[in-house]
Amino acid sequence: MRKTEMATQYRKAYVPVTLDVDKEGTILPRLIWWDNGVIFQIDQILYKCRATSKKVWGGGIRYTVQIRGKESFLFHEGDKWFVEAKEDNCS
């Protein structure tokens, strides 16, 4: 199978997030905690808007963040946080 034929599958992964709240009440996510114990530090918040995930549906406030030099989306959906996680297809 050619690389162009392989579609990446995503899942909605709810994650714990460590955040700061400034004196104006602005939420600033700082760390994303993965189930396997890996912690991702958010290097920079690039953009924040209300949006829906096109990969896993659901939505709320979408933070475009930079982690280890790469852009990613972090969603604040009600009281929960989620990311668009790639599915592990080992077949």
Start with the C-alpha gap between Ser53 and Phe82, add the side-chain angles, then the distance that decides, and say whether side-chain contact (heavy atoms from CB on, under 4.5 Å) holds.
-> CA-CA 10 Å; Ser53 168; Phe82 75 88; 4.2 Å; yes

Any side-chain heavy-atom pair from [X] and [Y] closer than 4.5 angstrom?
| X | Y | answer |
| --- | --- | --- |
| His76 | Ile27 | yes |
| Ile67 | Gln41 | no |
| Ile32 | Leu74 | yes |

Test Phe73 against Thr64 for side-chain contact (heavy atoms from CB on, under 4.5 Å), laying out the working first.
-> CA-CA 5 Å; Phe73 294 138; Thr64 304; 3.4 Å; yes

Euclidean distance, [Y] [atom2] relative to [X] [atom1], rounded to 0.5 Å:
| X | Y | atom1 | atom2 | answer |
| --- | --- | --- | --- | --- |
| Asp43 | Lys70 | CG | NZ | 12.5 Å |
| Gln9 | Lys55 | CD | NZ | 11.5 Å |
| Thr18 | Leu31 | OG1 | CG | 4.5 Å |
| Phe75 | Arg62 | CZ | CZ | 5.5 Å |
| Trp33 | Trp81 | CH2 | CH2 | 15.5 Å |

Is Val83 reachable from Val17 through a run of hydrophobic residues whose side-chain heavy atoms are each under 4.5 Å from the next?
-> yes

Identify the heavy atoms of Thr26 and Lys48 that sit nearest to each other, and give their distance.
->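 Here Thr26 and Lys48 meet closest at CG2-NZ, 4.4 Å.
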
Given side-chain contact (heavy atoms from CB on, under 4.5 Å), test Gln44 with Val65 step by step and report yes or no.
-> CA-CA 6 Å; Gln44 188 175 6; Val65 297; over 6 Å; no

Is it true that atom OH of Tyr14 has more than 12 heavy atoms of other residues, nucleotides or ligands lying nearer than 6.0 Å?
->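 Enclosed: over 12 neighbouring heavy atoms sit under 6.0 Å from OH of Tyr14.
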
Are more than 12 heavy atoms from other residues, nucleotides or ligands located less than 6.0 Å from atom CG of Asp22?
->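 It does: Asp22 CG has more than 12 such atoms within range.
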
Please name all residues satisfying side-chain contact (heavy atoms from CB on, under 4.5 Å) with Asn36, sequence neighbours left out, ordered by chain then number.
-> Trp34, Val38

Any Lys/Arg nitrogen of Glu84 or Arg11 sitting under 4.0 Å from an Asp/Glu carboxylate oxygen of the other?
->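 No, no charged N to carboxylate O under 4.0 Å.
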
Looking at Tyr10 versus Trp57, is the centre-to-centre ring distance below 6.0 Å?
-> no

Qualifying residue, where the test is side-chain contact (heavy atoms from CB on, under 4.5 Å) with Leu28 and the options are Ile42, Val21, Leu19, Ile45 |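 Output: one option passes, namely Ile45.
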
